[in-house]
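Have a look at the structure below before the remarks.
None of these values were measured; they are calculated from a predicted model.
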Amino acid sequence: MAAAIKKIIPMLDRILIQRAEALTKTKGGIVLPEKSVGKVLEGTVLAVGPGTRNATTGSHIPIGVKEGDRVLLPEFGGTKVNLEGDQKELFLFRESDILAKLE
């Protein structure tokens, strides 16, 4: 998967994120159907663009997250990215769409 991620380099203030997997089994061992499982609002940053450009100087404004950070995401939004040969769904978000950085 690391080789596939190297092919995607986000532009400007975009961030490539992999959403966390939803739990489909309870602690007691009951398997939950897909419809009853809510959308996971947490993800891991896989790649970060260079940041937006400053209009006056033309230099990049750095982004507040880095690769490996866990972030809180909105329920809706982001652009879905599917790579050939990879089953995981990745999403591109703008920096302003990310709600919080989790520690």
Looking only at heavy atoms, the pair that brings Ile63 and Asp13 closest together is CD1-CA, 3.7 Å
Measuring from Leu99:CG to Glu75:CD, what's the distance to the nearest 0.5 Å? 11.0 Å
Determine, for Phe93 and Arg14, whether the Lys NZ or Arg CZ falls below 6.0 Å from the six-membered ring centre while staying within 45 degrees of the axis. no
Distance check, rounded to the nearest 0.5 Å: Ile61 atom CD1 versus Glu95 atom CD? 9.0 Å
Atom CG in Leu90, atom CD1 in Ile8: separation rounded to 0.5 Å? 6.0 Å
Can you find a heavy atom in the side chain of Val65 that is under 4.5 Å from one in the side chain of Val71? yes
His60 side-chain N/O to Gly51 backbone N/O, donor-acceptor pair under 3.5 Å: yes
What's the verdict on side chain to side chain contact (heavy atoms under 4.5 Å, CB included) for Ile17 and Leu46, showing C-alpha distance, side-chain angles and the deciding distance? CA-CA 6 Å; Ile17 295 177; Leu46 299 177; over 6 Å; no
State the CZ-CG distance between Phe91 and Leu73, to the nearest 0.5 angstrom. 9.0 Å
Spacing of Arg19 atom CZ and Leu41 atom CG [to the nearest 0.5 Å]: 6.5 Å
Does Glu89 pair with Lys80 as a salt bridge, N-O distance under 4.0 Å? yes
Enclosure of Lys66 NZ (heavy-atom neighbours >12, cutoff 6.0 Å): no
In Å, rounded to the nearest 0.5 Å, how long is the span from CG of Leu72 to CD1 of Ile98? 10.0 Å
